[in-house]
Each structure stands twice: as C-alpha cells, then as structure tokens.
Amino acid sequence: MRIAIVGTGALGSVLGGLLLAAGQDVFLVERDAAHVELIRKQGLSMEGVSGERVLHPPISTDSRDAGTADLVLVLVKAYDTEGATSTVEQLLGSDGAVLTLQNGVGNHEILDRAFPGRVMLGTTTIGALALAPGKVRHTGFGVTHLGEADGSLSERAQRAAEALRSMSAGDVHVTDNAVGCVWSKLLINAAINAPATLLRVRNGDLPCTQAGKELIHEIIAESLRIVQAKGVSLISDDPEGRVLAVCQATAGNICSMFQDILAGRRTEIDFINGALAREGDAAGIPTPVNLTLARLISALESTGTVRVP
C-alpha cells in the first residue's frame, strides 16, 4: 500500500517516521518549503518511546512528486483542511481512499464534499511533540480507531488499519462507530484545551479546584445536549469521568492549544468549542459556555502582540 501523508506537524512526522521504519511505502507532503529542505538535507530526527533514530522519508512541497497513493492520510490543522483538498486530489489514486485523524469535527464533512464516498475518519491517542524543525518526539503509544461514516466495516478500512498496525505504536481498531469516536474525542478536547489554555495550567491542574471541576461539568453537560439532538452515540457512558481520567493520565502535559498560543500560532478552536457552538445554534440549543470559550480563545490569538507579559 502506498501511503501519502498530508501535513508534517508533530503527529504527521511521527506517523510518517514510524510507517517508514516499518517498511511501508510512504511519502510526506508539506507546504513549508524550508521544513522540506531541512528534512531532505538532515533527515527527520525522532526520539521518544519508540527509540532514537534519524529517518530520510521522501518529502516534497509538490504533491505531483509523490505520484498517486492508495491511502491519503490527512493530518493538517483543521483550519487547513479546505485548502488541502487540492493536494489530496492530486495524490488520490483512482481506487484510493482518504483517512482523517484530525482534531475536532467538520474535517470529514469538508473532505467528503470534495471526495464523496471516499473518506474515512477516526481518532488516535498516539502522542507526538514537535521539538524543532525536523525534530520530533514520540511521546506515547496510543489507541487508534478508524472506520466509515456510515458504520460499515469496509475492506479499505481493514487495509488502512493493517498498515497502521505495522508501526507497533499501539492498538488499531476498525470500528462501526467512527463518528462516535470523533465526537467523544471532541468532548474531551472541548473540556480540557480551552480552559487549560485560558488558565495557563497543565492538564492535571485543571480539575484540582472546584471551579475547574464545575467548568468541565458545564462544558460536558452543554455538549451532551447537542450530542443527543444529533443522535450521536458516544463510546463512553461517562464522558465527564473520561475527561477527568484524561486529565489525570496526562497530568504533566501542556495541551496542544496552549502550545499553539505560546508559539503564536493559530489554534483549532473553531473546530472544537466553536464547532459545538455552531452545532448548538443549528439545533436551537443554547451554548453559552462553549461560545464564550471560543470567543475568549479567538481573542487570545489576536492579542498576542499587545498582551501584558
């Protein structure tokens, strides 16, 4: 199977490196020309739980250099998904499929509009951290769920899962509830990322106060009303308890949204709390907590140059 990875941030680089090390036919596509040139010259340096190594993956800014792929793995930031569709189109073979493992909701819908019936979706908890250009840390093994939006257990999903299993980076499951997996992860991200970023705390510190616990409760309660209205079946019977468990399991972590703010980068808030606010509005469900969090993070993004240290 020929695999193209679109987006070589932390997760794209780690997955690309692990797939290459496992002997998979993989090609990376990255729009940052300087990043591409660095990896071509010095290789991709990986450290962490899977060991230290320098890999030399095929990489280009031009998707035409890759030829066509059987599987296109989309790992760009959610706000870049629309712009990445032209790249995916050039990469996608006549019988090829697309898989998104991105954060938030809306990515599958964007890709499916461009490539109807050819897009799978899923989630992964494989940990990745960008240390410097061309250098990443594989911070943790994880569980990956993927499947079809209609719940069918397709042959192409099985083939994609087999390729990902070759990385030996954790369990990989084909699921009949990929949509529920994506929404379950959305609720975790919504309840942790924005609050931890605004409070400037690590994940484990968020629920250590009564106010922090109440904030998590209100985000989940508001989000569950939307989930129920949409008829989404979550993979956890206790999503609030799951959030608290994730906070504990990743207690020392600075969430990705907080990392983006610290680095002066745009966040994915529009596809997390912002998406929940839009879904609530469409269903006639008030979302004051998620809407306020989305507005605060958006304001935080745009005031970086005038903020008091």
Salt-bridge contact [X]-[Y] (side-chain N to carboxylate O under 4.0 Å):
X: Glu301; Y: Arg265; result: no
X: Arg159; Y: Asp70; result: no
X: Arg165; Y: Glu162; result: yes
X: Glu109; Y: Arg113; result: no
X: Asp25; Y: Arg2; result: yes

At their closest point, which heavy atom of [X] faces which heavy atom of [Y], and how far apart are they?
X: Leu206; Y: Ala191; result: CD2-O, 3.5 Å
X: Ala251; Y: Arg202; result: O-CB, 3.4 Å
X: Ala149; Y: Val179; result: O-CG2, 3.8 Å

Rounded to the nearest 0.5 Å, what separates atom [atom1] in [X] from atom [atom2] in [Y]?
X: Ile126; Y: Leu18; atom1: CD1; atom2: CG; result: 7.0 Å
X: Ser13; Y: His35; atom1: OG; atom2: NE2; result: 5.0 Å
X: Asn189; Y: Ile272; atom1: CG; atom2: CD1; result: 5.0 Å
X: Leu153; Y: Thr175; atom1: CG; atom2: OG1; result: 7.5 Å
X: Leu129; Y: Glu47; atom1: CG; atom2: CD; result: 8.5 Å
X: Thr287; Y: Asn273; atom1: OG1; atom2: CG; result: 9.5 Å

If we only count heavy atoms from C-beta on, is the [X] to [Y] side-chain gap below 4.5 Å?
X: Val29; Y: Ser60; value: no
X: His173; Y: Thr144; value: no
X: Asp176; Y: Ser152; value: no
X: Leu300; Y: Thr197; value: yes
X: Leu262; Y: Arg200; value: yes
X: Val6; Y: Leu75; value: no
X: Glu37; Y: Lys41; value: yes

query: Knowing that exactly one of Val289, Leu291, Leu293, Ile226 qualifies, which makes a side-chain contact (heavy atoms from CB on, under 4.5 Å) with Leu276?
result: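 It is Ile226, the one option of Val289, Leu291, Leu293, Ile226 that forms the side-chain contact (heavy atoms from CB on, under 4.5 Å) with Leu276.
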Would you tell me whether [X] and [Y] have side-chain atoms, one donor and one acceptor, within less than 3.5 Å of each other?
X: Thr81; Y: Gln102; value: yes
X: Thr250; Y: Asn203; value: yes
X: His138; Y: Ser50; value: yes

Is it possible for you to say whether [X] and [Y] belong to one hydrophobic cluster, with membership spreading through side-chain heavy-atom contacts below 4.5 Å?
X: Leu73; Y: Val26; answer: yes
X: Ile192; Y: Ile254; answer: no
X: Val88; Y: Phe27; answer: yes
X: Val136; Y: Val36; answer: yes
X: Val76; Y: Val119; answer: yes

Derivation and outcome, salt bridge (Lys or Arg N to Asp or Glu O under 4.0 Å), residues Arg31 and Asp80: CA-CA 11 Å; Arg31 67 180 182 181; Asp80 284 330; 3.2 Å; yes
query: Does Arg266 make a cation-pi contact with Tyr79, if we ask for NZ or CZ under 6.0 Å from the ring centre and within 45° of the axis?
result: yes
